[in-house]
Asks: 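Can you keep this structure in mind? I'll have questions shortly.
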Amino acid sequence: MASDSPLQSKSLYTSNIFFLFLLLSTNLLTLFFSSSFSICSLKSLSTAATTAGLATPTTGLNLPEAPTEDTSDLPPEFLAFASGQLLPFGYNINFDSNTIYPAVGQACTLFPDLLSRFMSYKVNGSCPDDEFLAQRLLLKGCEPLPSRRCRPASNANYVEPYPLPKSFWSTPSDSSVVWTAYKCKNYSCLVNRKKNHKGFDDCKDCFDLQGNEKTRWGKGKGGGLDFGVDEVLGFKKPGTIRIGLDIGGGVATFAVRMRERNVTIVTTSMNLNGPFNSFIASRGVVPLYISISQRLPFFDNTLDIVHSMHVLSNWIPTTLLHFAVFDIYRILRPGGLFWLDHFFCVGEQLEEVYGPLIESVGFKKLKWVVGRKLDRGPERREMYLSALLEKPLKNSW
């Protein structure tokens, strides 16, 4: 068989190069003409948005324009964070917009004086030592707080925490905390405040890891209100309770108990006159700094267990409590457990209000124990409910 001539090979090679060049040119032209924004138009649009203070969003829907709000009393650094930010490549199909709006609590703008103090700092510098101010804003509904462009205060003598598992039951170093926001200025004060301090403090004896915390949830007490961790885990097949949440979990002893059983628990806590979040982290479990009114930051049908002791009680407005229990139902997987631990109410409230409220959500009752709270006298008619509830595998409605 005769071989190809050099002239024919050269012609074929030239033809291939031509078609390759044509293909690349066509793709580049298509990309250029189909782009929503060129570099020049993006620059001019960003400049205009910066001048106006707000981005002008475009979406895939023909929506009416939102009314323009007066922002004259809001701090510039808050507006720099919370205003709509133009996406660098224009319209994004996932956002259905050319603009992204950073999350910030609706109520932040209701307290412009507090907000102005919180957002007053040197950009790229150190943040003010203002933990108490930040928590005041958060508890007023400014949640999530706006992000800041500064570095938080930390203890100049910080030392690393104890290694696992020693950290579970050891009081951390005082130098792990910035104490400015608290009455107590060291852990010794917190450990002893139940016997030394009069008046009310949230979770007053929680920091004493050798006191009540040492035995809490270790074992159940018969058929009473105090369920044990192993008793609750026994309702499910071994190894199927793996991840969960403790709402208002104090110093995270529940999370530590579960961690010792190979279950990972995230603990929500505020810093109500004590460095709860720092203490939780020092123990080697995960703190989550959110209030009870915040939508839980977990996807639907994902967690195996949710626990809450004392926090979910009659001090919460009834409608907000209904939303909160439904949110717990949302994040639990089918077959997941909700351990409602020492829910507090008075008189007929359980029968007339809170029992029907809980039942309306759709849980299956595994345990339901009601008992009197007698430490302040039976005439107060104070009640506790401890319940173990299961999210059904299939909806029955």
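Heavy-atom basis, side chains included; hydrogens, waters and symmetry copies ignored. Sequential numbering from 1 along the given sequence is applied to the chain's residues.
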Asks: Is the shortest side-chain heavy-atom distance between M309 and F254 below 4.5 Å?
Replies: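 No, their side chains stay 4.5 Å or more apart.
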
Asks: Can you see which heavy atom on S282 is nearest to which on S167, and at what distance?
Replies: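 Reported closest heavy-atom pair: O-CB, 3.4 Å.
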
Asks: Any side-chain donor paired with an acceptor under 3.5 Å for S360 and H322?
Replies: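 Note: S360 and H322 side chains meet the donor-acceptor criterion.
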
Asks: Any side-chain to backbone donor/acceptor pair from D205 onto N212? Under 3.5 Å, distance only.
Replies: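 Looks like no, no N/O pair under 3.5 Å.
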
Asks: Quick one: does any side-chain atom of Q349 pair with a main-chain N or O of V346 as donor and acceptor, under 3.5 Å?
Replies: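 Between the backbone of V346 and the side chain of Q349 there is a qualifying donor-acceptor contact (under 3.5 Å).
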
Asks: Does the distance from a Lys or Arg side-chain N to an Asp or Glu carboxylate O, for R149 and E77, drop under 4.0 Å?
Replies: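 E77 and R149: salt-bridged.
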
Asks: Side chain of R148, backbone of F118: donor and acceptor closer than 3.5 Å?
Replies: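 Yes, the answer is positive, given that a donor and an acceptor are paired below the 3.5 Å cut-off.
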
Asks: Got V286 and T267 here, is their nearest side-chain heavy-atom distance under 4.5 Å?
Replies: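 No, their side chains stay 4.5 Å or more apart.
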
Asks: Applying side chain to side chain donor-acceptor pair (under 3.5 Å) to D96 and Y91, what does each step give before you reach the verdict?
Replies: CA-CA 7 Å; D96 189 27; Y91 174 84; 2.7 Å; yes

Asks: Just verifying a value: how many Å separate N92 CG and T99 OG1, rounded to the nearest 0.5 Å?
Replies: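 N92 CG to T99 OG1: 11.0 Å, rounded to 0.5 Å.
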
Asks: Taking the side chain from N186 and the backbone from C189, do they hold a donor-acceptor pair closer than 3.5 Å?
Replies: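 Looks like yes, one N/O pair under 3.5 Å.
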
Asks: Report, as yes or no, whether the 6.0 Å neighbourhood of atom NZ on K185 holds more than 12 heavy atoms from other residues, nucleotides or ligands.
Replies: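 For K185, atom NZ is crowded (more than 12 foreign heavy atoms under 6.0 Å).
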
Asks: Heavy-atom count around F132 CZ within 6.0 Å, excluding the residue itself: above 12?
Replies: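 No, the 6.0 Å shell around CZ holds no more than 12 heavy atoms from other groups.
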
Asks: Other residues, nucleotides and ligands only: do more than 12 of their heavy atoms fall within 6.0 Å of NZ on K214?
Replies: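 Yes - once you tally the heavy atoms of other residues, nucleotides and ligands closer than 6.0 Å, there are more than 12.
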
Asks: Has the side chain of Q135 got a donor or acceptor atom that lies under 3.5 Å from a matching backbone atom of N271?
Replies: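 Pair found, side chain donor or acceptor close to backbone of N271.
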
Asks: Looking at D304 and K391, is there a salt bridge between them, counting it only when a charged N and a carboxylate O are closer than 4.0 Å?
Replies: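 Salt bridge between K391 and D304, a charged N being under 4.0 Å from a carboxylate O: no.
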
Asks: Please check if V123 and F78 belong to a single hydrophobic cluster, counting links between Ile, Leu, Val, Met, Phe, Trp and Tyr side chain heavy atoms closer than 4.5 Å.
Replies: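 Yes; F78 is reachable from V123 via cluster members.
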
Asks: Can you confirm whether M270 sits close enough to F276 that some side-chain heavy atom of one is under 4.5 Å from a side-chain heavy atom of the other?
Replies: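 When only atoms from C-beta onward are counted, F276 and M270 do not touch, as no gap falls below 4.5 Å.
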
Asks: Please report the closest heavy-atom contact between G248 and T268, naming both atoms and the distance.
Replies: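 Nearest pair, atom of G248 first, then T268: N-OG1, 2.7 Å.
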
Asks: What is the minimum heavy-atom distance between N155 and S175, and which atoms define it?
Replies: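 Closest pair (atom of N155, atom of S175, distance): CB-O, 3.1 Å.
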
Asks: Would you say that T253 contacts W217 through its side chain, given a criterion of any heavy-atom pair below 4.5 Å between the two side chains?
Replies: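 Yes; the side chains approach each other to less than 4.5 Å.
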
Asks: Kindly indicate whether the side chain of K367, heavy atoms from C-beta on, has any atom under 4.5 Å from the side chain of F227.
Replies: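 Heavy-atom side-chain distance check passes, below 4.5 Å.
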
Asks: Is the Y187-F279 ring centre distance short of 6.0 angstrom?
Replies: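 For Y187 and F279, the ring centres are under 6.0 Å apart.
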
Asks: Does a donor on one side chain sit under 3.5 Å from an acceptor on the other, for D129 and T180?
Replies: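 Note: D129 and T180 side chains meet the donor-acceptor criterion.
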
Asks: Quick one: SG on C345 to CZ on R381, what's the gap to the nearest 0.5 Å?
Replies: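 Between C345 SG and R381 CZ, I get 10.5 Å after rounding to 0.5 Å.
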
Asks: Using the benzene-type ring in the case of Trp, are the ring centres of F363 and W368 under 6.0 Å apart?
Replies: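 No, the ring centres sit 6.0 Å or more apart.
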
Asks: Using modelled atom types only, decide if a donor and an acceptor are shared between the side chain of Q210 and the backbone of D208 within a distance under 3.5 Å.
Replies: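 Between the backbone of D208 and the side chain of Q210 there is no qualifying donor-acceptor contact (under 3.5 Å).
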
Asks: Should the heavy atoms of other residues, nucleotides or ligands under 6.0 Å from CD of E351 be counted, would the total exceed 12?
Replies: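 No, the 6.0 Å shell around CD holds no more than 12 heavy atoms from other groups.
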
Asks: Measure from the side-chain N and O atoms of D327 to the backbone N and O of F323, and report whether any donor-acceptor pair falls under 3.5 Å.
Replies: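 No.
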
Asks: Below 6.0 angstrom between ring centroids: does that apply to Y329 and F338?
Replies: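 They do not qualify: ring centres at least 6.0 Å apart.
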
Asks: Under 4.5 Å between side-chain heavy atoms, counting indirect links through other Ile/Leu/Val/Met/Phe/Trp/Tyr residues: same cluster for V251 and V177 or not?
Replies: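 Shared cluster, yes.
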
Asks: With no hydrogens and no angle check, do the side chains of S291 and S293 hold a donor and an acceptor under 3.5 Å apart?
Replies: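 Present: a donor and an acceptor within the cut-off.
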
Asks: Evaluate K364 against L389 for side chain to side chain contact (heavy atoms under 4.5 Å, CB included), listing each step before the verdict.
Replies: CA-CA 5 Å; K364 175 184 176 182; L389 310 170; over 6 Å; no

Asks: Does N124 offer a backbone N or O that forms a donor-acceptor pair with the side chain of R151 under 3.5 Å?
Replies: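 Present.
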
Asks: Would a single hydrophobic cluster contain both L320 and L350, if residues Ile, Leu, Val, Met, Phe, Trp and Tyr are joined by side-chain heavy-atom contacts under 4.5 Å?
Replies: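 Yes, L350 connects to L320 through the hydrophobic network.
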
Asks: Any salt bridge linking K365 with E390? Criterion: basic side-chain nitrogen under 4.0 Å from a carboxylate oxygen.
Replies: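 Result for this pair is no, no salt bridge flagged.
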
Asks: Determine whether V311 and I292 make a side-chain contact, defined as any pair of heavy atoms from C-beta on separated by less than 4.5 Å.
Replies: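 Yes, their side chains come closer than 4.5 Å.
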
Asks: What's the verdict on side chain to side chain contact (heavy atoms under 4.5 Å, CB included) for R372 and Y384, showing C-alpha distance, side-chain angles and the deciding distance?
Replies: CA-CA 6 Å; R372 293 245 180 214; Y384 275 136; over 6 Å; no

Asks: Counting C-beta onward and ignoring hydrogens, is there a side-chain heavy-atom pair between S176 and Y158 closer than 4.5 Å?
Replies: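 The answer is yes; the side chains approach within 4.5 Å.
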
Asks: Please determine, by modelled atom types, if H307 and D341 share a side-chain donor-acceptor pair under 3.5 angstrom.
Replies: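 There is such a pair (donor and acceptor under 3.5 Å, judged by atom type) between the side chains of H307 and D341.
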
Asks: At their closest point, which heavy atom of I290 faces which heavy atom of P297, and how far apart are they?
Replies: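 Looking at all heavy atoms of both residues, the closest pair is CD1-CD, 3.9 Å.
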
Asks: With rounding to the nearest 0.5 Å, note down the distance linking NZ in K183 to CG in L190.
Replies: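 Rounded to the nearest 0.5 Å, the NZ-CG separation comes out at 11.5 Å.
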
Asks: Can you hop from L133 to L74 via hydrophobic side chains spaced under 4.5 Å?
Replies: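 Linked within one cluster.
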
Asks: Indicate the atoms forming the closest heavy-atom contact of Q106 with T109, along with that distance.
Replies: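 Smallest interatomic distance, heavy atoms only, reads O-OG1, 3.6 Å.
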
Asks: Will you find, in the side chains of R283 and S170, an N or O donor that is under 3.5 Å from an N or O acceptor?
Replies: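 Their side chains do not contain a donor-acceptor pair, so the 3.5 Å distance test is not met.
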
Asks: Are V306 and V285 connected in a single hydrophobic cluster, I mean Ile/Leu/Val/Met/Phe/Trp/Tyr linked by side-chain heavy atoms less than 4.5 Å apart?
Replies: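 V285 does not cluster with V306.
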
Asks: What verdict does the side chain to side chain contact (heavy atoms under 4.5 Å, CB included) test give for I328 and L296, after you've listed the backbone C-alpha separation in whole Å, the side-chain angles of each residue and the deciding distance to 0.1 Å?
Replies: CA-CA 8 Å; I328 291 168; L296 296 172; 4.1 Å; yes

Asks: Taking the basic N atoms (NZ, or NE/NH1/NH2) and the acidic carboxylate oxygens, is any pair closer than 4.0 Å for D230 and R261?
Replies: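 Yes, D230 and R261 are salt-bridged.
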
Asks: So which heavy atom on I331 is nearest to which on F298, and how close?
Replies: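 Scanning both residues completely, I find the closest heavy atoms to be CG2-O, 3.7 Å.
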
Asks: Taking D174's backbone N and O only, do any of them form a donor-acceptor pair with W179's side chain (distance below 3.5 Å, no angle check)?
Replies: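 Flag set: sc W179 to bb D174 pair under 3.5 Å.
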
Asks: Given 3.5 Å as the limit, does a donor-acceptor pair link the side chain of T240 with the main chain of K236, or not?
Replies: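 It does not hold such a pair.
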
Asks: Under the side chain to side chain contact (heavy atoms under 4.5 Å, CB included) rule, what do F95 and L87 come out as? Steps first, then yes or no, please.
Replies: CA-CA 10 Å; F95 291 97; L87 295 169; 4.0 Å; yes

Asks: Quick check: do Y289 and L138 have side-chain heavy atoms less than 4.5 Å from each other?
Replies: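 Counting from C-beta outward, Y289 and L138 do come under 4.5 Å.
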
